Amino acid sequence: MHTFRTHTCGELRKTDVGRKAKLSGWIHSVRDHGGVIFIDLRDHYGKTQIVINPKMEFYQELEKWRVETVVCFTGEVVARTPETVNPKLATGEIELVAEAMEVLGETEQIPFQVAKEEQVPEAMRLEYRFLDLRREELHNNIVLRSRIIQTIRQKMWEMGFNEYQTPILTSSSPEGARDYLVPSRVHPGQFYALPQSPQQFKQLLMVAGFDKYFQIAPCFRDEDARADRSPGEFYQLDIEMSFATQEDVFKVCEDLLEEVFTQYTDKKVTHAPYPRIPFREAMEKYGTDKPDLRNPLFMIDLSEFFRKAGFKAFSSTVEKGGVVKGIRVPGIVGVQPRTFYDKMEAFAKENGAKGLGYIMWTREGEIKGPIAKFLKPEELDELEKLASIENGDALFFMCDTRAKANELGGKVRARFGEKLNLIDPNEFRFCWIVDFPFFEKDEETGAIIFSHNPFSMPQGGMEALQNRNPLEILAYQYDIVCNGIELSSGAVRNHQPELMYKAFEMTGYSREVVDSKFGGMIKAFKLGAPPHAGVAPGIDRMVMLLTDSPNIREVIAFPFNQQAQDLMMNAPSEVDMKQLRELRIIPLPHELKYEETYKKLKADAERIRAAEEAAQTAAKPS
RNA sequence: GGAGGCGUAGCUCAAUUGGUUAGAGUGCCACCCUGUCACGGUGGAUGUUGCGGGUUCGAGCCCCGUCGCUUCCGCCA
């Protein structure tokens, strides 16, 4: 009987000594000693050393086969002598003495080394992704990703959730990112959209009574890439629960993340309940809505102190409505050289600050620094108390409008964390950011707009919408953050049509507009919708954190490059005219409707050009 | 759409800061080697210095443009 293998390359052990075995895999490395050749044969499961003696007839032939050739060896499992055991290999106590060899897949010269850890250009790795995926690190990441997804599914099932599929071809969603569109052949001129997330479907599943939904859901957004954001598509663990409060969602998430993160990492992991930090507090303390809590530094508000204190540059800013924020950096005075302070100031200036003032308390209790001389001794005493200063500490100041000072403080805080090695790499620190504002003011127009998600539930309900200052209304809207990376947003959804109409009315949308844009959802909510809430942590980002990957491409088997291209499959690519005609993207000549449209578009374009020219002529002084 | 960084052998990098024939490691090719495990040794081949232009007696290096990759901003609930 023909088989390719009796064992995998990671399987044979000392107890198998004496057996005949057949192994198939890739030639990982060759060590040719003239009289004997050693080959590491590699497959998905591991590596096994093959020994080839010169008396074998394929000995000479072997020399022409390169690494990464796919071969099958038959032979006897032999124990290695104690001196030749390789403790680095799981199969290192044995080797296979080859008796027969068959080449299953030849290889030309490979463009980069699989067996060695060398840097390879990203574009080449992506073009030869199948080779890149053979390399140990990436291979392991993808396997780990698979295991993590398996663990997630299992835990979700244990918690009573069911997985439901939702459509990939759906309609363009009215909010958020740019859609990927798919032309409809049956309905010329009309388009499907790929889902940016299954948001509406999962809410409809709740209306349909399914109660606890999850899905490892592909999501598509036509937006530009970042190191932690894949262009085009990504996967999220989509979760929605009926009759659930914000805290119910948190409990599910915390239980799930506890399971996943303790299983796949040895690092220290935050245990539930995670800190809940109101959005405003996060902005005031950390200058960002995704703080890295491994960084112990935080901002305090010193505006009231400086309003009275004798430093005019600060007090006048406070008088004008600005703020002074301080960051206490413990124990650096006398440790960091003068240049450290200069570099931090330069960094602050690069980020739009006028300066970065500071006061230093030396270990001997002396007070130094550019701001110190402006303050009286009793003011310095008060400042020490306000900022809990001890000898050796430095206190840095950000002075600007509240928004700018907070933003700068956030950057400075992160920079200190990095430069002073304050961030423990062996830790995962989670937190929830809660109480996002429901509305905000459009900076250009001054109009009230939704600050996050129009479909989330305003805290205080109709009462709040009717009676409170819109800018003070909070939403049941939350983010989960780990080590400064946003894993997910989520919300308690607004399931009451009247509340939805009212909220949209406040941003200037009439009932009719809401009905036309979100009619499907509104209709469902009018026919008995349960209160529901959800969240959707990014799978890719979770795996990134667990594999310590600096880039999201390290945890995706076949990622796009930054320009949203698949260099291996050559996507996107041009298609032939026949397909375009069939989809009516290029109209057939006899299709009058399109010819009319074309003529109309052309006429429009010409009219606009003429108008522009006329405007230009008019603008010129004659 | 904008800003920064990078681009030298198949791959990773160097080239005394503008100086004469562009080097090393790895891979590749040939040969030697019976216990290696990233085996070792000897020898060899491999370059439009991303592309185009400019400055200069002379450019891998300086300048301008352009292309590619990447990071960030915009954008992304």
Side-chain angles (χ1 to χ4, degrees), chain A residues 28-42 47-55 59 63-64 66-68 78 80-89 91-92 95 97 108-128 131-132 135-136 173-179 196-197 199 219-234 236 289 350-352 407 411 433 436-438 440 449-456 475 477-479 486 488-491 493 534-536 538 550-553 561-565 567:
Chain A
H28 184 74
S29 62
V30 181
R31 294 176 292 281
D32 182 349
H33 286 253
V36 62
I37 298 175
F38 299 102
I39 283 179
D40 287 342
L41 195 68
R42 181 196 75 236
K47 294 193 283 258
T48 301
Q49 175 160 280
I50 313 290
V51 184
I52 295 117
N53 288 309
K55 60 176 185 263
Y59 181 83
E63 295 197 323
K64 73 176 189 248
R66 301 191 177 94
V67 290
E68 296 309 310
V78 171
R80 298 201 195 187
T81 60
E83 322 84 75
T84 61
V85 164
N86 183 355
K88 284 192 278 183
L89 283 187
T91 61
E95 58 199 9
V97 178
E108 296 176 359
Q109 175 163 5
I110 49 176
F112 56 84
Q113 297 304 300
V114 171
K116 298 190 178 179
E117 284 175 30
E118 61 176 11
Q119 289 285 311
V120 179
E122 190 81 29
M124 182 171 280
R125 290 180 58 194
L126 292 172
E127 187 182 346
Y128 296 94
L131 275 186
D132 198 22
R135 305 174 97 201
E136 194 173 6
S173 67
E175 272 276 322
R178 276 186 287 265
D179 285 313
Q196 295 182 22
S197 91
Q199 184 64 38
C219 303
F220 306 89
R221 290 178 194 173
D222 186 6
E223 295 296 345
D224 290 344
R226 286 289 180 280
D228 63 351
R229 198 170 80 204
S230 190
E233 58 181 69
F234 61 94
Q236 64 187 28
D289 60 359
E350 278 167 35
N351 284 281
E407 189 190 344
K411 287 176 179 168
I433 307 298
F436 280 83
F438 193 52
E440 63 185 26
I449 55 171
F450 290 109
S451 63
H452 236 75
N453 184 331
F455 306 109
S456 57
Q477 166 90 42
Y478 37 84
D479 281 2
E486 183 191 315
S488 173
S489 284
R493 320 297 176 187
V535 71
N551 192 293
I552 202 160
R553 289 184 293 268
N561 69 3
Q562 203 183 32
Q563 281 69 244
Q565 295 166 301
L567 297 175

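This structure is a prediction, so every number in the text was calculated from the model and none was measured. Chain identifiers are assigned alphabetically (A, B, ...) following the order of the sequence lines, protein sequences preceding nucleic acid strands; residue numbering begins at 1 within each chain.
A distance-only check finds no donor-acceptor pair linking the side chain of A:Q477 to the backbone of A:S456 [under 3.5 Å]. Of the possible donor and acceptor atoms, one in the side chain of A:R135 sits under 3.5 Å from a partner among the backbone N and O of A:Q113.
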Check: protein-nucleotides 40-43 of chain B nitrogen or oxygen pairs below 3.5 Å:
none

Between the protein and nucleotides 1-5 of chain B, list the N/O to N/O atom pairs that are separated by less than 3.5 angstrom.
none

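Atom-to-atom, CD of A:Q565 to P of B:G68 comes out at 9 Å; the value is rounded to the nearest Å. Look at CD1 on A:I52: it is 13 Å from C1' on B:G35, rounded to the nearest Å. Rounded to a whole Å, the NE2 atom of A:H33 is 8 Å from the C1' atom of B:U34.
A:K47 comes within contact range of no nucleotide atom at all, as no heavy-atom separation falls under 4.0 Å. Across all strands shown, A:Q562 has heavy atoms under 4.0 Å from base atoms, whether or not it also approaches the sugar-phosphate. Among the protein residues, A:N561 comes within range of the sugar-phosphate backbone only, with heavy atoms under 4.0 Å from sugar or phosphate atoms but none that close to a base.
Taking atom C1' in both B:C13 and B:U49, one finds a spacing of 13 Å when rounded to whole Å.
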Watson-Crick and G-U pairing of RNA chain B, under 3.5 Å, as dot-bracket with | and [ ]: (((((((..((((.....[...)))).(((((.......))))).....(((((..]....))))))))))))....

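Below the 3.5 angstrom threshold, one finds a donor paired with an acceptor across the side chain of A:E95 and the base of B:G35. Put simply, the side chain of A:R229 and the base of B:C76 share a donor and an acceptor less than 3.5 Å apart. Between the base of B:C37 and the side chain of A:R80 there is a donor-acceptor pair shorter than 3.5 Å.
Within the structure, every side-chain polar atom (N or O) of A:R31 is placed at least 4.0 Å from both OP1 and OP2 of B:U36. The phosphate of B:G27 has neither OP1 nor OP2 within less than 4.0 Å of any side-chain N or O from A:Q109.
In this pair, A:F112 does not lay its aromatic ring on the base of B:C11; centres under 5.5 Å and planes under 30 degrees do not both hold.
Of the candidate nucleotides B:A77, B:C75, B:U26, B:U26 has the atom nearest to the side chain of A:K116.
Closest non-hydrogen pair, A:P231 versus A:A225, comes out as CD-CB, 3.6 Å.
Comparing A:D40 and A:V120 by the nucleotide of RNA chain B whose heavy atom lies nearest to each, the residue mapping closer to the 5' end is A:V120.
Using a 30° and 60° split on the angle between ring planes, A:Y128 and A:F112 fall in the perpendicular class, above 60°.
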Apply side-chain contact (heavy atoms from CB on, under 4.5 Å) to the pair A:N86 and A:R80, showing each step before the final yes or no. CA-CA 9 Å; A:N86 183 355; A:R80 298 201 195 187; 3.5 Å; yes

